[in-house]
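These notes concern the structure reproduced below.
Numbered from 1 within each chain, the chains take letters A, B, ... in sequence-line order. All figures in this text were calculated on a predicted structure; none of them were measured in a lab.
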Amino acid sequence: MSARAETIRQVQEIGVDQYQYGFETNIESEKAPKGLDENIIRYISDRKQEPQWMLEWRLSAYNRWLKIKEPTWSRLQYPPIAFQDYHYYATPKNIDQNMLPQSLEDVDPELLVTYEKLGIPLREQEILAGVPEKDRVFSENLSRSGHVAVDAVFDSVSVITTFKKELAQVGIIFCSISEAIREHSDLVREYMGSVVPVADNFYSALNSSVFTDGSFVYVPKGVRCPMELSTYFRINERNTGQFERTLIIADEGAYVSYLEGCTAPQRDENQLHAAVVELIVFKNAEIKYSTVQNWYPGDKEGRGGIYNFVTKRGDCRGSHSKISWTQVETGSALTWKYPSCLLKGDHSRGEFYSIAVSNGYQQIDSGSKMIHLGKNTSSRIISKGISAGFSSNTYRGKVSAHRQAKNARNFTQCDSLLIGHDCSAHTIPYIEAKNAQVQFEHEATTSKISDEQLFYIMQRGILEEEAMALLVNGFVHEVIQKLPMEFAVEAQKLISISLEGSIG
Amino acid sequence: MLIDRTQAEEAIIENFLNSDSLPNLLFPREMREAAMAAFKEHGFPSRKRESWHYTDLRNKLTRISSYSDDHNDGRPILPLILGNVLFSVVNGKAVSNSVLPPVFCTPLALSPSRALNILRDFSITNVISQVNTAFASDGWRINVQKDVFLDNIIEIQNLQNGGQSHTCFSVSVAEDSRATILERQLGDDQESFLSSVSDIDLAEGAEVLWIIIRERGILSTELNRFYARLDKGARLKLVIINAGLHLLRQEVHIDLNGSRSDFQLRCINLLSGESHADTTMKIRHFARSTTSKEMIRNIATDTSCGVFQGMVQVLPTGQKTDAKMLCQSLILSKDAECHAKPELDIFADDILCGHGATFSTIDRNQLFYLMTRGLTFVQAKAVLVKCFIKEQIEGIGQEDIEKALHGVLDHWLFLHL
């Protein structure tokens, strides 16, 4: 079945407010008491067996968080968040932080089933890769087979990271951030908070004080990571918040492609997800960071859904370094997210490709920031927003060239598509040029699906619903192309499901 | 709540306390006091206020010129085009005796009831209205009757050579009438502080070409608010040329209330020295099948700064809207800067809206090409800059006006390139 036919089929089969990943895993868990204070932070740090410096870092972040006001400038409307009503730590009971599973054999089968249902067959991946027998020819085999190393995060803990040993053979460190804090303390201490400072904003300060897990990647000099690295985030427990922290470092001449996915059960109450992602890229290195965000978006009446507040920032520190953000945002009741690039190195490059789909009562305020600091830097922003139902979809971006950023180049295109009378689309770009040798181009459009295009396709014998799906797919095609193959298919399906009830 | 007042804020408040000694205050005491209460609460906006993000008035406005009668000889200057009918304000006081039979024109000081109808909004962001309401002394009320096609251009002059003044202009154009209004904001190099509010009503089928030419001195600060409401089928074309000023905030607020109404803006900011010109615009499409098109061109030299903030808002009732907005900036010196924030705020689905923004300097290849043809560097630069901005004044459809506007541009290019 072609991708388009598949899209149509899924749209037809699934009800308006169906969410494919809304099931709950019945697994006993251990939770920190509700609320947030210094004792909770000590509890988290203690459970993670962190060094003293990390505890102090968290406590300092907490004290800064208490002094920062919650931002109100976005176009998101939501009742006040009761931060003291959340559990800031939840972990499946049979996972012992002292004895983390070393292989898939040690992982609770219930968790493996959960990831299987989510389309992440961890075991199958490893078997197919034939890892144990073929360690010696690892890089050649795996890069050919196109497998993905996965860090699976369940509530507040990383339950397993696959292909760790194999990656270590080429010098790549890929593990949970908790493990990295214990095992690679010097690296983490040097780089964490160097791109997103603790008090950068309200949610980064909150994350810095209570983050529980996430991924850590270090790719050494001259190494091209032989497989895609991936983290899959799952919120399962009720009344919990998930606070992921991801740190990726690509040393000189290194390359890594990292994928991130996320889902949550279907519940009537709102849950909080506040993440911080930091990327550091040195000379001639490149990080490609792709996200398919599919948190539970709430039901058709706007009940429930995840509040998603994310600070993502990359720092191009060396010359000719490159960061590419690609994101498909289909989930979450609220999305507050602005992946950014600090283009410090001369000739460095930042890219941002985004598809943001909102339906029902979803609210998205997302975009990108490209800060040109070095000479001959360039950036590109392609953002496609699709609003349907009663949703609100905002692109908010910033492109700036500082005094020394001679020959800075930027091209920005943000297009919005409106499907239905009750949704809205907003475009708020900030463009700042502080020297004469810049070349910035920005263009934006907002429209509905063109009647002429629809008519043209239908004239060829294609039904209206199919024609509409075809046009939507065409609208986002440029961004989908930038996704790794594994995500591209999933992303296309997600878009069609997210727009269910709106097309046709 | 404002804690530390700046010197400029203190001066405004002190002026208000002494305002009983000022002649011809236009608005009743209660209105002025309400405006001043709002000002006292918030003061001049800083960059923390979103709509003033690029114009930190609180820090930029270090002092306010005092009122003075010494700087003016009390006479208007010659019209830009021979035959224009003059309605002048000199040092904050309407002075002309012009008569244009099919048009009802009167100084606002003589008809304060009309001034009261001018929409007054003391919201936190509207510092221009706050200051203007507190101190406005005069201006013109111009009422173009129904079915009138004016051959003569109405020239409004606001002349301020140093000192301080606050003026209002209230213009209404009745059904199916046509008028051309030329507004000239003029002054010399003495320090001055002005606020000006224009309030325009276009009835069904009315058509107006409104041109604002601003040629003030290097020490002049102006806060200007232009607010127009368009009824069914009305058309407004606004051309703005800013060719001299120290600090300018030009706000343009347009409400397209009637179906098939149309608004077009052409704006040229010619910036030199330490000029800071902020053009902030909000177009609201309330009715079906309305159209708008805005083109802004900034030329920034020396250490000047050009700012454009534009928002096109389409309300749920504004189906079939077609709106376009384009801001292009040419930065000609290493210390000049330009900022743009073009926004779309869309609440209706059957619309077509777009905006674009570009920033660059002069293309070296184009310069080289012209210089190989014998032009000097300066001449080549002037030709390219002129080409960049002249599109803005082409297509106005009135030859004498286009010629006059070309004159303004050429004069600036001669002085600053």
Cationic N near anionic O, under 4.0 Å, A/Lys448 to B/Asp350
yes
Is chain A contacted by the side chain of B/Glu50, its backbone, both, or neither, given a heavy-atom distance below 4.5 Å?
side chain
Residue selection (most heavy-atom pairs with chain B, distance under 4.5 Å) from A/Leu417, A/Val399, A/Thr427
A/Thr427
With a 6.0 Å cut-off (strictly less than), is the heavy-atom count around NZ of B/Lys390, excluding the residue itself, greater than 12?
no
Looking only at B/Leu332, B/Ile351, B/Ile346, B/Ile362, the option with the highest number of non-hydrogen pairs under 4.5 Å against chain A is B/Ile346
More than 12 heavy atoms of other residues, nucleotides or ligands under 6.0 Å from CZ of A/Arg64: is that the case?
no
Measure the CD1-NE2 distance between A/Ile431 and B/His339 for me, rounded to the nearest 0.5 Å.
11.5 Å
Could you go through B/Gln309 and A/Tyr430, starting from their C-alpha distance and side-chain angles, then the distance that decides it, and tell me whether this counts as side-chain contact (heavy atoms from CB on, under 4.5 Å)?
CA-CA 9 Å; B/Gln309 299 184 105; A/Tyr430 296 75; over 6 Å; no
Decide yes or no for A/Pro429 and B/His355: does some side-chain heavy atom of the first lie under 4.5 Å from some side-chain heavy atom of the second?
yes
Top of A/Ala433, A/Ser392, A/Ser450 for chain B proximity - count of heavy-atom pairs under 4.5 angstrom:
A/Ala433
Is A/Cys423 in contact with chain B via its backbone, its side chain, both, or neither, using a 4.5 Å heavy-atom distance?
backbone
Could you tell me the separation between the CZ atom of A/Phe440 and the CD1 atom of B/Ile331, rounded to the nearest 0.5 Å?
8.5 Å
Passes side-chain contact (heavy atoms from CB on, under 4.5 Å), A/Thr394 versus B/Glu343? Steps please.
CA-CA 10 Å; A/Thr394 302; B/Glu343 291 182 60; over 6 Å; no
Taking B/Pro342, B/Ala336, B/Ser360, B/Ala323 one by one, which has the highest count of heavy-atom pairs under 4.5 Å against chain A?
B/Pro342
Closest non-hydrogen atom pair, A/Ala436 against B/Ser333:
CB-O, 3.4 Å
Could you have a look at A/Lys398, A/His442, A/Lys406 and say which one has the most heavy-atom pairs with chain B under 4.5 angstrom?
A/His442
Does some side-chain heavy atom of B/Lys334 sit less than 4.5 Å from a side-chain heavy atom of A/Arg403?
no
Of the listed residues (A/Glu443, A/His421, A/Gln437), which shares the most heavy-atom pairs with chain B below a 4.5 Å separation?
A/His421
Tell me, side chain or backbone of B/Tyr54 under 4.5 Å from chain A's heavy atoms, or both, or neither?
side chain
Highest number of heavy-atom pairs under 4.5 Å with chain A among B/Ala348, B/Ala340, B/Gly354 belongs to B/Ala340
With a 4.5 Å limit on heavy-atom distance, are the side chains of A/Ile428 and B/Lys341 in contact?
yes
More than 12 non-hydrogen atoms from neighbouring residues, nucleotides or ligands closer than 6.0 Å to CZ on B/Phe368, yes or no?
no
Distance, nearest 0.5 Å, that separates CD of A/Glu441 from CD of B/Gln328:
10.0 Å
As an exercise: rank B/Cys305, B/Cys338, B/Gly356 by heavy-atom pairs under 4.5 Å with chain A and give me the winner.
B/Cys338
Got a second to check how far B/Leu344's CG is from A/Ser416's OG, nearest 0.5 Å?
7.5 Å
Counting heavy atoms not belonging to A/Gln77, are there more than 12 under 6.0 Å from its CD?
no
Pairwise distance CG(B/Leu352) to OG1(A/Thr445) - rounded to 0.5 angstrom
8.0 Å
Got a second to check how far B/His53's NE2 is from A/Glu432's CD, nearest 0.5 Å?
5.5 Å
